[in-house]
Colleague: 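Here's a structure for you.
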Amino acid sequence: MIRALHRWPGLVALVLVTVLALSGAALSVFPMAEHLAAPQAVAGQSVADLAARVAGTHPGLEEIRRAPSGRITAWWFDGGMPGSAVIDPATGADVGPADPNPVERWLTNLHRSLFLDDAGRLVMATGAAAMLVLTLSGAALVARRTGGWRRWFSRLRGPLAGRLHVGIARIAVAGLALSAATALWMTASTFGLLPDGARRPADPAAVSGQMHFPPGRMAALRDVPVSDLRKLGFPYEGDAQDVFTLSTDRGTALIDQGTGELLSWTDLTPWQRVSETVYRLHTGQGAAALGLILGLIALSVPVMGVSGALTWVAGRRGRPRLRDNAPAARAQTVILVGSEGGSTWGFAATLARALRDAGQAVHIAPMSAFDPARHPQAERFLILAATYGKGDAPASARGFLDRLARLATAPAAPLAVLGFGDRSFPAFCAFAAGVEDAARARGWATLLPMDTVDRQSPQDFARWGRALGGTLGLDLELDHQPVRPAADSLTLTSRRDFGAEVQAPSAILRFALPKASLRARLTGRGFARFQAGDLLGILPEGSAVPRFYSLASGSRDGFVEIVVKKHPGGLCSGQLLALEPGDPVQAFLRRNPGFHAGRGRAPLILIGAGTGIGPLAGIIRANRRRRPVHLFFGMRHPDSDFLYGDDLAAWQSEGRLSGLTTAVSRGARPHHVQDALRAEAAQVAEAIRQGAKVMVCGGRDMGRGVGRALEEILAPMGLTPAMLKAGGRYVEDVY
């Protein structure tokens, strides 16, 4: 709800809010410029002295005004001709015309009303209301993203456009809320929707009837410093019953023109003070520095508008266009999708098409929008869910489990869950399994037991479809053709081969970094920004299903690098190891923030074997701050598959790698990385006491062995690997 409240006013009112912000930013310069250009009153100068000086140089004086900037302006009528000028209070002489700056006047009319009078004022008020809604809803979303108000300035992750949008919002939100709220107040006041609150001093019972008492000798004016003056109105020439009208920061007075006696006084009302404060906060009049700050903040609006629109477009591209999607309230079958990269949406579209052909009304929605009340005619819910990271919810399923837990009762329509994943990863379909368990715990009836689809297998999907059709009494054939992900062409620039002597051919493959467009840099798509530990998806010839390899480089390195081992019968590994410099390959990036080193100064313990050294080598290469890093690396034999051997020696000499321990599984004393950990248990334990983060990459068997070794090392400290994982200090990338 909050996200929609933030998104749609922003998209609909983007142009209007941008005009409002840019014109306001331009206007914010004028109060400071006026303050710097205006001659200021002499220290301690009174209104009596100012009035005497100006009256002495301008016969027929009618009014003197002091702007919040300190500028003094006088108006007079002499010889039948009106005149006005900016006044030097020290001399009473003219220093410039009083006519408003034409540029400022034009910008003011644009900012207030789009040159359309009252209709334009209502339009701009709508823009201010949209900005206020955007600001408040945006603040709530920032707090949600950062993990609460106390973590408001915590580190951001994700594409550049999103980080730029949130980063600016965190700084600008207070100023934008202030500008929008004060604009709405002023509009309401303009249309008489707020009480005026002003009071005029009571008319005097009698005046002296005398005229021409010198203003410089009036006690009522001598007691008022020029800095308090707002306006001094002179009596009409020849009218003995007229009086001086003095307006100050404290109130308004009437003064006898023949005696200088104070006739009546009224204080400013609280409502007047509030209204004037609102005016100064919005315009910067009398608070020029604040005006400039708010003007700079206003410049953030178009930047946030563009970055927000790019983020929205990127999110929309992750979801295919769904044709013939039945209204939620009339759907018989509701398909809920949990997807990170977008591929699961394609399976959902295929399923929906088959069900529609069988006569069903089908509605597809993200799992994050789950609300049974929207589907009163639903006969079944089908959940297609991928898994992100180590069993987390993918992007379009965030919040689903919380929504399910908050339901008073489970939906009446039964549920079937289908998980999507890769069996080579230990968290295969873990999120889908979590959904299934949570649904059963809530008492949600089961339509079909949970099933899985391995590596986007059309065969697995078709098999599940036949089971679903049998349960529904439908002839359901799901013929799904996976859509190849959008990919870039990478050109191999170099390769280093290892492992032939131990029957484990491997290679470090380095590709040229494709040039990223400005749009790609802003949205974080393509190869604009990545780091070691992210994943490179390779599309092998003859298959639409990508294979993923952990990156051994970051975008700052200027190249794309992976480590590949030849698997018997492996389609992708065989094609990669057959590449020669100059050959192309189709590839794309997938973020993997769960396996990033982070920016802290705490020590790193890197543990890997074989090709698992790839992302670990990239982390060491990127350690320009010389953070303490100790690598435990397992290989078959140092003469055949010591991957990155020369690089590791160089990185040690540069201080990027503080310690290296190798484990050789073939030779005189065969041992593995878990044995090396036990041999250096004291050093490992001490590093963990200092807050070290443990990162493990390699085969699943190696990962289990490392876990058991760490259990032994941590036990005397009262810790376990699970406790480190919970604190984000033990992460794995095992396969």
Side-chain angles (χ1 to χ4, degrees), residues 2-11 13-14 17-18 20-22 24-25 28 130-181 290 292-318 340 395 398-399 516-531 533-534 554-556 589 591-594 596-601 622 624-625 728:
I2 295 178
R3 190 179 296 274
L5 189 65
H6 184 75
R7 179 189 303 126
W8 296 115
L11 292 172
L14 178 59
V17 170
T18 299
L20 196 65
L22 292 179
S28 71
M131 185 179 292
L132 185 60
V133 170
L134 288 169
T135 302
L136 298 179
S137 58
L141 290 173
V142 169
R144 179 188 295 179
R145 174 167 177 170
T146 57
W149 301 102
R150 293 183 179 181
R151 294 174 51 82
W152 184 261
F153 287 106
S154 61
R155 185 186 173 201
L156 299 173
R157 300 180 184 275
L160 176 59
R163 288 184 290 115
L164 184 65
H165 189 77
V166 175
I168 294 176
R170 294 192 296 192
I171 298 171
V173 62
L176 293 178
L178 177 64
S179 294
L290 175 62
L292 283 178
I293 293 172
L294 294 179
L296 289 173
I297 289 174
L299 292 176
S300 69
V301 170
V303 179
M304 287 194 292
V306 172
S307 59
L310 287 172
T311 302
W312 176 75
V313 169
R316 297 287 296 179
R317 285 186 171 181
E340 182 69 29
R398 289 170 189 161
S517 64
L518 175 61
R519 183 175 182 177
R521 289 194 292 270
L522 286 173
T523 59
R525 300 176 70 88
F527 289 84
R529 179 177 171 270
F530 60 92
Q531 57 182 290
D534 285 334
S555 49
R556 286 187 177 183
L589 271 175
R591 312 297 169 197
N592 186 24
H596 289 169
R599 294 185 178 179
R601 293 289 301 168
R624 298 173 180 85
R625 295 185 178 182

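Positions are given from 1 along the sequence.
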Colleague: May I ask you to decide if G600's main-chain N or O and R625's side chain share a donor-acceptor pair within less than 3.5 Å?
Modeller: no
Colleague: Search all heavy atoms of A21 against all heavy atoms of V301 and return the closest pair with its distance.
Modeller: CB-CB, 3.5 Å
Colleague: Grab the two heavy atoms, one from G305 and one from L14, that are nearest each other, plus how far apart they are.
Modeller: CA-CD1, 3.5 Å
Colleague: Looking at CD1 of I293 and CG of L178, how far apart are the two atoms once the value is rounded to the nearest 0.5 Å?
Modeller: 11.0 Å
Colleague: When the ring planes of F527 and F530 are compared, do they come out parallel, tilted or perpendicular, using 30° and 60° as the limits?
Modeller: perpendicular
Colleague: Rounded to the nearest 0.5 Å, how far apart are CG of N592 and CD of Q531?
Modeller: 9.5 Å
Colleague: Taking all heavy atoms of A130 and all of V17, pick out the closest pair and write down the distance.
Modeller: CB-CG2, 4.3 Å
Colleague: Looking only at non-hydrogen atoms, find the nearest pair between A169 and V142 and report the distance.
Modeller: CB-CG2, 4.4 Å
Colleague: Can you list the residues that meet the side chain to side chain contact (heavy atoms under 4.5 Å, CB included) rule with L296, with sequence neighbours excluded?
Modeller: L299
Colleague: Looking at side-chain heavy atoms only, is the closest gap between S300 and I168 below 4.5 Å?
Modeller: yes
Colleague: Is the shortest side-chain heavy-atom distance between W152 and V173 below 4.5 Å?
Modeller: yes
Colleague: Give the intermediate values and the outcome of side-chain contact (heavy atoms from CB on, under 4.5 Å) for residues H596 and D534.
Modeller: CA-CA 8 Å; H596 289 169; D534 285 334; 2.7 Å; yes
Colleague: Please check if the side chain of S179 supplies one atom and the backbone of L176 the other of a donor-acceptor pair under 3.5 Å.
Modeller: no
Colleague: Could I get the full list of side chain to side chain contact (heavy atoms under 4.5 Å, CB included) partners for R624, not counting sequence neighbours?
Modeller: R556, D557, A622, R656
Colleague: How close do H165 and G308 get, heavy atom to heavy atom, and via which atoms?
Modeller: ND1-N, 3.3 Å
Colleague: Could you tell me whether R599 atom CZ has more than 12 heavy atoms of other residues or ligands within 6.0 Å of it?
Modeller: no
Colleague: Looking at A177 and L132, what are the two nearest heavy atoms and their distance?
Modeller: O-CD1, 4.0 Å
